[in-house]
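Notes follow once the structure below has been shown.
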Amino acid sequence: MSGRIKEVEERRSHLLKGGAPKEVERQHQMGKLTARERLEKLVDPGTLEEIDLWIRSVKTGFPIDETELPGDAVITGIGRIDGRPFCVFAHDFTVAGGTFGRALHHKVIRIMEMALEKRMPCIQLVDSGGERLQDGFGKPAWRPLLGGANPSVGGALNIYQAPGIMSGVVPQITVMLGPLYAGSAYSPTMADFMIMRNKTSFMSVCSPPLLKAITFTDATQEELGGAELHATITGTADFVTETDEEAIEICRELVTYIPLNNTEKPPVVDTGDDPNRMDDRLLEIVPADLSEPYDMHEIIRCVVDNGQFIELQKLFAKSLIIGFARLNGRTVGIVANNPGKENGILTLNTCDKQARFIRWCDAFNVPIIFLVDTPGFLSSVEQEQSMDGLIRTGPKPTFAICEATVPMITVCIGKCFGLARLIMGTLRMGIDVAYCWPSAQVARINPEEAIDVIYKKEICSAEEPDRVRRDKLAWLLENHLDFPYHALKQAMVNDIMDPRDTRPVLIKTLENLANKKKLPTAWKKHSLVPQ
Amino acid sequence: MPLETIEVPLAGKVLKVNVNRGDKVTEGSEICTIESMKMENPILTPVSGIVKEVGVTPGQVVKPHETIAVIEY
Amino acid sequence: MQDNRQQELEAIAKRFGLSVGFVEAALSVKQAGTVAEKVEAFARERRLIEQGNPEAVARQHEKGRLTARERIDALADDGDFEELDSWHRPYETGFDIGEEAGQGDGVVIGHGTIDGRPVTIWAQDATVMDGTIGTVHARKVTMIMENALNARTPIIGIFDSQGLRAHDAIQYPDFYSFGSMAHFQTLASGVIPKIGLVMGPCSGELAIIAGLCDFIFMVRNTSYMYLMPPASSIDSQRLGDPWAVHAKIGSCDVLVENEKDCLLRCRQLLSYLPSSNTEGPPLVDTGDDPNRWEEELLEIVPVDSSKPYDMYKVVSLIVDNGEFFEIKRYFARNLITGFARLGGHTVGILASNPQSLGGCMTLDAADKMSRFVRFCDAFNIPLVWLCDTPAFLPAVDEETRGLIRHGSRMIMANSEATVPQITVTTRRRIGGGGLAMPGQCLGGDLLVAWPTFQSGLMGAEGAVAIMHRKQLAAISDETLRKQQEEKWIEEMQWGLDMQVREATQKIIDPRDTRPFLIKALKWLRNKKQDLPQKKHENFRM
């Protein structure tokens, strides 16, 4: 037996090496870690339980059959992060460029099914040349067992279907460390969070050579699907990092905020921060004149535990901030306008960003805190008539808030009128408790607009319309829209508070709301979220 | 008389051009054919009128939003 | 004496914010001695309310628009509409808002039938204070939405309003307003069909409420819809032009030429839909032979895949009586979506259109597909795909707009759908395009193809160029290299040709498509598939 064991260990250590030494060296030269090195950094030391290391690639009828492909270019398994279990997989670029062979498909689907069935999050580290052509054109393509549709053995899922079924059941995180092109790129994109490494990871449906061949157009990898593009313009990536290590570190930090599945709550962490801490800085941040910019991040940092805030999509639609923080050790999702960038206006992109985040928090039992100060949308023909048009995108956050059943608390810090209230949430839409600061200006209609409607005749017929408008506005602000009390009197917010109390009040309210449970409503298969 | 500008919908190569300046065209008739994605894509005019300008020639490689033709209707 | 009486009436009218005529009618209610007289007197009041303000009605007609009640008459079955809350009046604001004729507060609500099936209707009345939305107006709409949800009937909203009534909004609490409307729009989402007919102005918060409907109809020239009031350079009609909303933004599902047509089309659409998500769509006796073979289907699709053909023709030959209700016709024309019937049962049809962008999938087409699939899935409508797509369109614009993000949403929608799903490949199902039209890989039930089927990740030439790049480059003689390349391409093509047989469950005779689909749908009629418990998926927005 000991001879056999020795042989097993020799064979195993051979497989563990992955691709040929020169491939490993090349990977290192590109400044990238190998798949195994990445996984070692991702999970707690020695906790990776690998599955199907020994799998044999499916014969294709092409010369590639002669090459040994350890693990068929992917490492799959279950590992622990801070002691909690996660399904993980990493494409091994040193083996056939990390391409998707049939055996790889099988392994990946298997690990996704594990995540779904055993209710663990799934983390993928992507670095792949996409579909392996030999498998796509060779025998496996027409062999029924693994052919055509690539279903997993014993199951019906495939790598494009599984993420959709898992979505909203277990959290999914993609860490893009290398390229992935064409249809294959859809699978990792369905994940909830995406971390992309700058300069080495590219993700697009069309690769530059294909674009050139078919449409005679030149474009670089960066222009078509670089990390920067996805972080700033398409909004597909949540984080951009410069190294593999950094990307993996962010992933490890991110998962501390999230639950393992949709029946659990996120872990409670002892942060050591006093729940009753009052921060005097909160008195200074908001300027007397609300049209002046200030940085909402500062307010967030003053309020949350130890000032720790992990921001998602930091570079995309910067006038709105989303991310996770803790209040008294419990995870909260924060949605905040940022008057420091473009005055905190609402745009097409902020709507997409906000709606998706709210829906994620709702699916995974994370309470949401809204910090509101926005002038609303700009009147812009460009945004209005763009292909994603405001009227198609605008309803998304409204819908997301109305649909959400997790505790939601609003703190109105500055302006919020009319349409913007529908986007940022009102009590009628399901916000549980709304507070305001003394600086708040909340009304069902923008006072300037109200003047133009109510006193249309007077203003139009006046010799000095501006003066009339000014006088009427002053009268209106005094008699009807007396900020901040107006919102309180009209039951748009429940109470007004000292900004320094924000943290203790939020913590207390969250505790009160902790058992919030959706009232029974009409059965539905699913909602029809505006798209 | 209003002008309708017909733009290239997708990058490709012009296979043939069926109209000249001054021609009369009717709605739905084929202005030119662009080869792209290994397909012949007929470009139809959405209006009836007179061709004021033709912006492409056969064999030319075209990109989206380039002008194919301007039609007065 | 007469003058005194007139003055008295005027004083009462002023005090209660009523018209003098209405006060007279109210007086006769008061004075009525019998129930019959009271009935008659109240009927007089109602007639006054329904007549409305003749000047305002004339103004509405001048704009080419009908009044709310005229619209409802055309929409619901003859004389079959029960109006509710018509006496309700706007809140006093202390401003002059023309409230003396404000009964109903600018909205008509109630229930009626369409083709004998109950529906709930609310229609904004532009002849009353421009249809502006005050607290009472919002309350009426909110409550009728809740009624519709509880009664499980479709709800039709007719939008024609200048938006929020500022006078009211600055004075009254935020109990009934857009927030409560949005709340019920969302609760009802996926439970009952919600149809919005935008037949006049619709902007600001109201556009959000309209945007939460499942289907939006718009009338060319007389309606417009936008979120933010325009800056000075462009007028509101142009900013919210129905054509742009339909063809470019894709918010408008059905664009019609006039109001009558709009209401008729809405009736048509409803005939395809179930009343709620717990029912199946209505079965209609279309009289079309389920076994009808169509010889013409043999001729339509050219074997040469570079030649386009008319997919609408294919659809019309297959479905009952050639009747096809198209959704979002001019938005992302490369994908055709709409409702039809097969053997009298409603199906959702999704078809590539080889006449537009070569049938390529695009970002907009992905959005169009995922929205349509989600609707059909929620309302038990089986889906039939007619697939002829070479790929996703390679273009820089598409990628930078977020093609992957939108495409992945479409795949997720297809994966989650549990209604019967059948894909018929008429010619090409290649590369990522194949993902768009789900076969078994995304939980589809059946995947069949016509004899013109082509499959694969990409063409043989492309595959050889990539796989044998090095070997080819190593051959210095050009003729030899060409020969070798051709040999490899032929080999590779054999792989693809073999794949045709495995990548589909059956090759069917095009003429047999209709009988085949009807039989398959019958087989799948009781399909039930459960997914893991979840609140909802997490779409990429």
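Below, all heavy atoms of this structure are taken into account, side chains as well, without hydrogens, waters or symmetry copies. This structure is a prediction, so every number in the text was calculated from the model and none was measured. Just so we're on the same page: letters track the sequence lines, and every chain starts at 1.
- When C:Ala247, C:Gly402, C:Gly190, C:Pro394 are compared by the number of non-hydrogen pairs under 4.5 Å with chain A, C:Pro394 comes out ahead.
- Atom CG of C:Leu442 is separated from atom CG of A:Asn158 by 6.0 Å, given to the nearest 0.5 angstrom.
- When heavy atoms are compared at a cutoff of 4.5 Å, A:Leu481 approaches chain C solely by way of its side chain, counted from C-beta outward.
- Between A:Val205 and C:Glu398 the shortest side-chain heavy-atom distance does not fall below 4.5 Å.
- Pairing each heavy atom of C:Pro193 with each of C:Asp214, the nearest pair is CA-OD2, 3.6 Å.
- C:Ile411 and A:Tyr160 make their closest contact through CG2-O, 3.5 Å (heavy atoms, listed as atom of the first residue, atom of the second, distance).
- Options A:Leu224, A:Thr521, A:Thr217, A:Ile233 differ in how many heavy-atom pairs under 4.5 Å they form with chain C, and the most are formed by A:Leu224.
- The CD1 atom of C:Ile466 lies 7.0 Å from the OG atom of A:Ser207; values are rounded to the nearest 0.5 Å.
- In this structure, the portions of C:Leu239 lying under 4.5 Å from any heavy atom of chain A include both its backbone and its side chain.
- Among the candidates A:Ala450, A:Gly418, A:Ser379, A:Gly389, the residue making the largest number of heavy-atom pairs closer than 4.5 Å to chain C is A:Ser379.
- C:Arg152 touches chain A through its side chain: at least one heavy atom from C-beta onward sits under 4.5 Å away, while N, CA, C and O do not.
- Ranked by heavy-atom pairs under 4.5 Å with chain A, the first of C:Arg401, C:Glu416, C:Gln533 is C:Arg401.
- Around atom CD of A:Glu117, no more than 12 heavy atoms belonging to other residues, nucleotides or ligands sit under 6.0 Å away.
- The candidate from A:Asn261, A:Ile391, A:Asn262 with the greatest count of non-hydrogen atom pairs under 4.5 Å with chain C is A:Ile391.
- For a residue to count as touching a neighbouring chain, one of its non-hydrogen atoms must lie under 4.5 Å from one of that chain's; by this rule C:Arg409 touches chain A with the side chain only.
- When all heavy atoms of C:Leu403 and C:Leu393 are compared, the closest pair comes out as CD2-O, 4.4 Å.
- The greatest number of non-hydrogen atom pairs below 4.5 Å with chain C, out of A:Leu211, A:Val453, A:Thr426, is found for A:Leu211.
- Interface remark: A:Leu476 contributes side-chain atoms only to the contact with chain C (heavy atom separation under 4.5 Å).
- Of the two parts of C:Ala244, only the side chain, counted from C-beta on, holds a non-hydrogen atom closer than 4.5 Å to a non-hydrogen atom of chain A.
- Looking at C:Val419, both its backbone and its side chain come within 4.5 Å of chain A, counting heavy atoms on both sides.
- The closest side-chain heavy-atom distance from A:Arg421 to A:Met492 is below 4.5 Å.
- The parts of C:Leu227 that come within reach of chain A are both its backbone and its side chain, each placing non-hydrogen atoms under 4.5 angstrom from that chain.
- If you measure heavy-atom distances from C:Thr418 to chain A, the contacts under 4.5 Å come from both the backbone and the side chain.
- Side-chain atoms of A:Leu346 and A:Leu419, non-hydrogen and from C-beta on, never get closer than 4.5 Å to each other.
- With a 4.5 angstrom heavy-atom cutoff, A:Ala443 does not touch chain C via any of its atoms.
- Relative ring orientation between C:His468 and A:Phe62 is described as tilted, the plane-to-plane angle lying within the 30° to 60° band.
- Contacts between A:Tyr181 and chain C at a heavy-atom distance below 4.5 Å are absent for every atom of the residue.
- For the set A:Ala487, A:Cys402, A:Gly183, the entry with the most heavy-atom pairs within less than 4.5 Å of chain C is A:Cys402.
- Between chain A and the options C:Phe379, C:Tyr226, C:Tyr176, heavy-atom pairs under 4.5 Å are most frequent for C:Tyr226.
- Put simply, of C:Arg540, C:Lys535, C:His167, C:Gln171, the one with the most heavy-atom pairs under 4.5 Å next to chain A is C:Arg540.
- Here OG1 of C:Thr362 is found 11.5 Å from CG of C:Asp397. Values are rounded to the nearest 0.5 Å.
- Contacts of A:Thr393 with chain C are absent, with no heavy-atom separation under 4.5 Å from either backbone or side chain.
- For chain C, the nearby part of A:Ala191 is the backbone; its heavy atoms alone come within less than 4.5 Å.
- There is no contact between C:Ala465 and chain A, counting heavy-atom distances below 4.5 Å.
- The parts of C:Met458 that come within reach of chain A are both its backbone and its side chain, each placing non-hydrogen atoms under 4.5 angstrom from that chain.
- For C:Ile170, the parts lying under 4.5 angstrom from a heavy atom of chain A are both the backbone and the side chain.
- Side-chain contact between A:Arg359 and A:Arg356 is absent, with no heavy-atom pair separated by less than 4.5 Å.
- Looking only at heavy-atom pairs under 4.5 Å with chain A, the residue among C:Phe331, C:Phe539, C:Phe375 that has the most is C:Phe539.
- Per-residue counts of heavy-atom pairs under 4.5 Å with chain C were compared for A:Met203, A:Glu449, A:Glu223; the largest is that of A:Met203.
- The aromatic rings of A:His105 and A:Phe100 sit perpendicular to each other, their planes meeting at more than 60°, with 30° as the lower class boundary.
- Within the 4.5 Å cutoff, the side chain of C:Asn538 has no heavy atoms near those of the A:Gln172 side chain.
- Looking only at distances, a side-chain donor or acceptor of A:Lys524 sits under 3.5 Å from a matching main-chain atom of C:Leu187.
- Here the CD1-NZ distance, from A:Ile401 to A:Lys396, works out to 14.5 Å after rounding to the nearest 0.5 Å.
- Contact of A:Leu229 with chain C is made through the side chain alone, with heavy-atom distances under 4.5 Å.
- When each of C:Val191, C:Asp367, C:Asp377 is checked for heavy-atom pairs under 4.5 Å with chain A, C:Asp377 comes out on top.
- Here the OG atom belonging to A:Ser167 is positioned 9.5 Å from the NE2 atom belonging to C:His536, to the nearest 0.5 angstrom.
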